[in-house]
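These notes are about the structure you will find just below.
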Amino acid sequence: MATTAVHYAKEDPGSLVESCQRALEWILRTHQSRPIRRCWIDAVYTEEEITLLEEEVLPAMAAFLARVSEIERRLEAEAEAAWDPLPL
């Protein structure tokens with residue numbers, strides 16, 4: 001059975017969420033017509049739970065990552081502005 005691993009930069013929440021998002025998308029994509037098992041109990045995810053993952057969890061992850069990107073762009077712009085040489 002093929003598996004996917006979660007790889008992220010240590011202590012970087014954005015990297016962790018991005019990696020988890022890719023792993024969840026992979027699970028949903030590779031189990032489209034098969035049940036998704038739970039590792040800790042003998043039960044599979046229901047159709048309703050899978051729909052919630054697709055319609056609520058994945059968009060929430062995407063919104064989080066978009067907000068992180070906005071913050072990073074602002075920080076990069078501030079850092080670049082701080083290093084611009086003053087006109088002579």
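Of the possible donor and acceptor atoms, one in the side chain of Thr30 sits under 3.5 Å from a partner among the backbone N and O of Trp26.
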Could you go through residues 67-77 and list every donor-acceptor pair under 3.5 Å that involves a side-chain atom there, pairing it with any protein atom two or more places apart or in another chain?
from: Arg67; atom 1: NH1; to: Glu70; atom 2: OE1; distance (Å): 3.1
from: Ser69; atom 1: OG; to: Leu65; atom 2: O; distance (Å): 3.2
from: Arg74; atom 1: NE; to: Glu78; atom 2: OE2; distance (Å): 3.3

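Both Ile50 and Ile41 sit in one connected hydrophobic cluster of ILVMFWY residues. Membership requires side-chain heavy atoms under 4.5 Å apart, directly or through other members.
Here the CZ-CD distance, from Phe64 to Gln21, works out to 11.0 Å after rounding to the nearest 0.5 Å. Taken from CE in Met61 to CZ in Arg22, the straight-line distance is 11.0 Å, to the nearest 0.5 Å. One distance of note links CG of Leu53 with CD1 of Ile27; it measures 9.0 Å at 0.5 Å rounding. Here the straight-line distance linking atom CD1 of Ile36 with atom CG of Leu24 works out to 8.0 Å at 0.5 Å rounding. The CZ atom of Arg37 lies 7.0 Å from the CG atom of Asp42; values are rounded to the nearest 0.5 Å.
Identified under the salt bridge (charged side-chain N to carboxylate O under 4.0 Å, His left out) test for residues 46-56, with sequence neighbours left out: Arg38-Glu49.
Taking 4.5 Å as the limit, every side-chain heavy atom of Glu25 sits out of range of all side-chain heavy atoms of Leu28.
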